[in-house]
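In the text below, chain A, chain B and the rest are named by the order of the sequence lines, each starting its count at 1. Values in this document were obtained by computation on a predicted structure and should not be read as measured data.
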Number of protein chains: 2
Amino acid sequence: MQISSRFTIAIHMLTCMENFKDEYKITSDFLASSINVNPVIIRRILSQLRDAGIIEVKRGTGGAAVIKPLDEITFLDVYRAVECIEENTLFHFHENPNPDCPVGKNIHNILDDKLKRVQDAMERELDAITLADVMRDLEKYIGESRAGMK
Amino acid sequence: MQISSRFTIAIHMLTCMENFKDEYKITSDFLASSINVNPVIIRRILSQLRDAGIIEVKRGTGGAAVIKPLDEITFLDVYRAVECIEENTLFHFHENPNPDCPVGKNIHNILDDKLKRVQDAMERELDAITLADVMRDLEKYIGESRAGMK
DNA sequence: TTTGTTGTAATGTCAATAGTTACAATTCCT
DNA sequence: AGGAATTGTAACTATTGACATTACAACAAA
């Protein structure tokens, strides 16, 4: 099973919001056309990012904007905002191991700390990457394509 | 989205196969009763573990057994055996970013190495845990419950 | 040949993702 | 005040993957 595309869509959205903030009004339609998904998908994720305190969204008049310093928005923040996952549930554990079997009785206790180690390792890495890193790379790519056009 | 329970089931299966290898014939029905899932689920995972070279399964007469040293069976081996995931696909990327947008055009290039870092971190940790660790903990728990019975 | 078992196909149920239409609520502009 | 653009959300559908279940052919040993 994969982590849903909501995560990469959310990163894409934030990158657009930052990159185009001075040129365009950032509406769900605008974002939808860069990402190529339905505007309603975008609005749902906008709400999740807003609830996480990462962006603000203007009703009526429209427009969304990042409200946190980019180097304080980690991939983990975005992951937690859009992925409906509770703590310690990256792995789906089979529900009803047989309590009358010595293995079935103890398997949960045995595995829990090990699975947590794995999830922690992943989240540590997510926490070490920020939107500022993404913007830096974007400018590099855009700069290169400009140079190529000369 | 979560990693499917096939993974914890597979670890449970291997633990049972090792723990009961001298006492019982390890059939899919036997494993199913410890894990509390349908025997057909077990047989499918048995096939995957066999294809990965971790166990052997006897047709006709029945019985499955681990054929690798426990400390050489890592969680990553099991994960790869049962999780139908290709390399670098932990994250589901949205398919059609707009190539006419500077962000849409570059977002894949920008994110790919960062997502790979996250997946690598997770796999490194999975690679550091082996079935031998699980068996060691199991014996500890079983020992304690025996002591408690005195 | 009987028995117990594996391997696998076929089918069903359920949950989550993702797409879409529709529209009330909101806000700005004139 | 009225109109235009936009957000927030409900409702519905389609698709996919997980997991459960029944059924049975293939197989191996007693």
Flag for Ser4(A)-His92(B): side-chain donor and acceptor within less than 3.5 Å: no

Which nucleotide in dT17(C), dA20(D), dG19(C) has an atom nearest any side-chain atom of Glu83(A):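 Looking only at heavy atoms from C-beta outward on Glu83(A), the closest nucleotide is dT17(C).
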
Out of dA20(D), dA5(D), dA18(C), whichever nucleotide has its closest atom nearest the side chain of Val37(B): dA20(D)

Do the side-chain N or O atoms of [X] get closer than 4.0 angstrom to the phosphate oxygens (OP1, OP2) of [N]?
{"X": "Ser4(B)", "N": "dC19(D)", "value": "yes"}
{"X": "Ser28(B)", "N": "dT6(C)", "value": "yes"}
{"X": "His92(A)", "N": "dC19(D)", "value": "yes"}

Sugar-phosphate, base or nothing in reach of Gly60(A), heavy atoms under 4.0 Å: base

Whole-Å gap separating [atom2] ([N]) and [atom1] ([X]):
{"X": "Glu56(A)", "N": "dT27(C)", "atom1": "CD", "atom2": "P", "answer": "13 Å"}
{"X": "Phe93(A)", "N": "dC19(D)", "atom1": "CZ", "atom2": "P", "answer": "13 Å"}
{"X": "Asn36(B)", "N": "dT21(D)", "atom1": "CG", "atom2": "P", "answer": "10 Å"}
{"X": "His94(A)", "N": "dA20(D)", "atom1": "NE2", "atom2": "C1'", "answer": "16 Å"}
{"X": "Tyr24(A)", "N": "dA5(D)", "atom1": "OH", "atom2": "P", "answer": "19 Å"}
{"X": "Lys25(A)", "N": "dA4(D)", "atom1": "NZ", "atom2": "C1'", "answer": "10 Å"}
{"X": "Ile45(B)", "N": "dC19(D)", "atom1": "CD1", "atom2": "P", "answer": "8 Å"}
{"X": "Ile3(B)", "N": "dC19(D)", "atom1": "CD1", "atom2": "P", "answer": "12 Å"}

Restricting both atoms to N or O, compile the protein contacts to nucleotides 8-15 of chain D shorter than 3.5 Å, with distance only.
from   : atom 1 : to       : atom 2 : distance (Å)
dG8(D) : OP1    : Arg50(A) : NH1    : 2.5
dG8(D) : N7     : Arg43(A) : NH1    : 3.3
dG8(D) : O6     : Arg43(A) : NH1    : 2.7
dT9(D) : O4     : Arg43(A) : NH1    : 3.4

Salt bridge Asp133(B)-Arg136(B), side-chain N to carboxylate O under 4.0 Å: yes

Pairing of Glu123(B) and Arg80(B) as salt bridge, 4.0 angstrom limit: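 Yes, Glu123(B) and Arg80(B) are salt-bridged.
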
Acceptor/donor pairs from residues 32-43 of chain A side chains to any protein atom, 3.5 angstrom cut, sequence neighbours excluded:
from     : atom 1 : to       : atom 2 : distance (Å)
Ser33(A) : OG     : Phe30(A) : O      : 3.0
Ser34(A) : OG     : His12(A) : NE2    : 2.9
Asn36(A) : ND2    : Asn96(B) : O      : 3.0
Asn38(A) : OD1    : Val40(A) : N      : 3.0
Arg43(A) : NE     : Ser28(A) : OG     : 3.1

side-chain contact (heavy atoms from CB on, under 4.5 Å) partner of Lys68(A), chosen from Ile73(A), Ile55(A), Leu131(A):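 It is Ile73(A), the one option of Ile73(A), Ile55(A), Leu131(A) that forms the side-chain contact (heavy atoms from CB on, under 4.5 Å) with Lys68(A).
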
Test of ring centre spacing under 6.0 Å for Phe75(A) and Tyr79(A): no

pair Thr74(B)-Val78(B): side-chain heavy atoms closer than 4.5 Å: no

Residue mapping more 5' on DNA chain C - nearest nucleotide basis, Thr61(A) or Arg6(A): Arg6(A)

